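Below is one structure, written out as structure tokens; the observations come after it.
Residue numbering restarts at 1 for every chain, and letters A, B, ... go by the order of the sequence lines. What you are looking at is a predicted structure, and each value in this text was computed from that prediction instead of being measured.
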2 protein chains.
Amino acid sequence: MFIEIDLESKDPLYAQLKNQIVAGIARGDLTPGESLPSVRALGADLGINLHTVNKAYRQLEQEGFILIQRQKGVFIHPEGVAPADEEYKNLLKKQLHPLIADSVCRSMSEEEFVNLSRELFREFANREGGE
Amino acid sequence: MFIEIDLESKDPLYAQLKNQIVAGIARGDLTPGESLPSVRALGADLGINLHTVNKAYRQLEQEGFILIQRQKGVFIHPEGVAPADEEYKNLLKKQLHPLIADSVCRSMSEEEFVNLSRELFREFANREGGE
DNA sequence: TAGCTGTTATATTATATATATAACAGAAAA
DNA sequence: TTTTCTGTTATATATATAATATAACAGCTA
């Protein structure tokens with residue numbers, strides 16, 4: 001597993017886990033149908049509690065990234081993640097708004113912000129189409 | 001005051017307050033040197049505790065947006081907010097990273113994300129140059 | 001002097017985060 | 001069939017954050 005957790009971070013452990021799995025999917029390191037470690041195995045691997053892993057998994061399922069099957073295991077969603085709808089775009093705007101307000105206050109130009117975003121997109125440039 | 005707080009939001013009250021003040025500065029509604037209400041006045045106005053307002057003010061001061069003077073009051077930073085340095089840009093990247101990973105998983109194109117960002121920038125398009 | 005300022009202190013309540021154990025039901029493999 | 005593994009549920013505890021409630025203090029200003 002490529003997942004690393006920072007115990008000193010102010011970000012909750014379960015949130016870090018979620019972000020790294022989403023990033024893994026976006027990067028193409030985790031492909032549709034691929035199985036994820038059990039809550040116990042991943043907890044032991046990362047040195048954290050199984051309930052913390054479970055919390056991340058349950059939220060990821062509810063957001064459409066993974067599929068949990070009661071006595072079988074956990075899998076990257078075989079159908080792929082559903083494409084962004086209006087509801088998601090509104091949520092994204094709500095999350096971007098304070099970041100952009102802050103950047104504007106700090107005299108960052110629209111182009112500078114856009115270039116920084118494009119740079120981050122490059123990390124996920126390989127595989128992954130969505131369909 | 002143009003500030004509105006949502007008591008039902010999952011975002012902490014002090015964070016909502018911070019965001020709205022930063023947005024006010026970015027929009028140009030709050031200009032350098034302008035005075036903000038006292039912690040008691042704003043607390044009473046919004047129906048929240050003065051300590052919640054104080055927490056927002058203290059963090060805004062530490063981040064360079066405002067200036068607090070012990071027996072005088074609170075003011076939008078007269079010198080303007082310091083322009084983004086490398087440290088800030090790294091923080092911004094760290095905050096954008098999970099949003100972009102999520103968007104990629106949802107098959108959102110770089111252009112679509114960029115257009116959405118540009119749209120948000122337009123809200124702050126009027127005044128505001130930096131210093 | 002009276003009223004305002006941010007500040008400090010103390011206490012309480014509620015919620016979020018994380019861990020620790022234990023047990024359960026059902027699928028899968030020995 | 002028994003064992004092992006799966007997610008799940010329950011309970012308890014510890015810590016941190018968020019928010020409120022009072023009260024008091026020091027210093028500026030009217």
Side-chain angles (χ1 to χ4, degrees), chain A residues 1 3-22 30 33-78 95 98, chain B residues 1 3-22 30 33-78 95 98:
Chain A
M1 265 283 146
I3 293 174
E4 278 175 24
I5 256 63
D6 177 12
L7 296 171
E8 313 302 320
S9 169
K10 72 280 159 249
D11 291 330
L13 303 182
Y14 81 94
Q16 293 183 48
L17 223 181
K18 283 180 65 181
N19 285 338
Q20 298 224 22
I21 290 174
V22 171
L30 296 172
E34 187 171 341
S35 83
L36 289 173
S38 74
V39 292
R40 287 177 181 81
L42 187 51
D45 185 16
L46 300 175
I48 66 179
N49 194 273
L50 96 178
H51 292 110
T52 307
V53 177
N54 192 245
K55 183 172 186 174
Y57 277 179
R58 276 188 288 107
Q59 292 193 10
L60 285 170
E61 181 180 46
Q62 205 245 322
E63 293 165 19
F65 292 99
I66 67 176
L67 220 119
I68 303 176
Q69 285 171 314
R70 285 196 60 122
Q71 273 82 21
K72 289 185 161 185
V74 179
F75 308 89
I76 304 298
H77 204 301
Q95 291 173 308
Chain B
M1 262 285 146
I3 292 175
E4 279 175 25
I5 256 61
D6 177 12
L7 296 170
E8 312 301 320
S9 169
K10 72 281 159 252
D11 290 330
L13 303 182
Y14 80 93
Q16 293 182 49
L17 224 179
K18 282 180 66 182
N19 285 339
Q20 298 223 24
I21 290 174
V22 171
L30 296 171
E34 187 172 342
S35 83
L36 290 173
S38 74
V39 291
R40 286 177 181 82
L42 187 49
D45 185 15
L46 300 176
I48 65 179
N49 195 272
L50 97 179
H51 291 110
T52 306
V53 177
N54 192 244
K55 183 175 186 172
Y57 277 179
R58 275 188 289 107
Q59 292 190 11
L60 285 171
E61 180 179 46
Q62 205 244 322
E63 292 165 19
F65 292 99
I66 67 176
L67 221 120
I68 303 177
Q69 284 172 313
R70 284 197 62 121
Q71 272 83 20
K72 289 188 163 184
V74 180
F75 309 88
I76 304 298
H77 204 300
Q95 292 171 308

field: Phosphate OP1/OP2 of dC5(D) contacted by S38(A) side-chain N/O (<4.0 Å)
entry: no
field: Comparing V74(B) and K55(A) on DNA chain C - which has the more 5′ nearest nucleotide
entry: V74(B)
Integer-rounded Å distance: [N] [atom2] and [X] [atom1]:
X      : N       : atom1 : atom2 : result
N49(B) : dT17(D) : CG    : C1'   : 15 Å
N54(B) : dA21(D) : CG    : P     : 16 Å
D11(A) : dT17(D) : CG    : P     : 13 Å
E8(B)  : dA19(D) : CD    : C1'   : 15 Å
R58(A) : dT6(D)  : CZ    : C1'   : 15 Å
K72(A) : dC5(D)  : NZ    : P     : 19 Å
L17(B) : dT20(D) : CG    : P     : 11 Å
Q71(A) : dT6(D)  : CD    : C1'   : 6 Å

message: For chain B and DNA chain C, what are the first and last nucleotides along the strand, 5' to 3', with at least one atom under 4.0 angstrom from a heavy atom of the protein chain?
response: dT5(C) to dA9(C)
query: Within a strict 4.5 Å, meaning less than it, do heavy atoms of the L17(A) and L42(A) side chains meet?
result: yes
- request: Sorted by first residue and then second, give each side chain to side chain donor-acceptor pair (under 3.5 Å) pair with at least one member in residues 12-22 of chain A; sequence neighbours left out.
  value: K18(A)-Q59(A), K18(A)-E63(A)
message: Any base atoms under 4.0 Å from Y57(B), or only sugar-phosphate, or nothing? Heavy atoms, all strands.
response: nothing
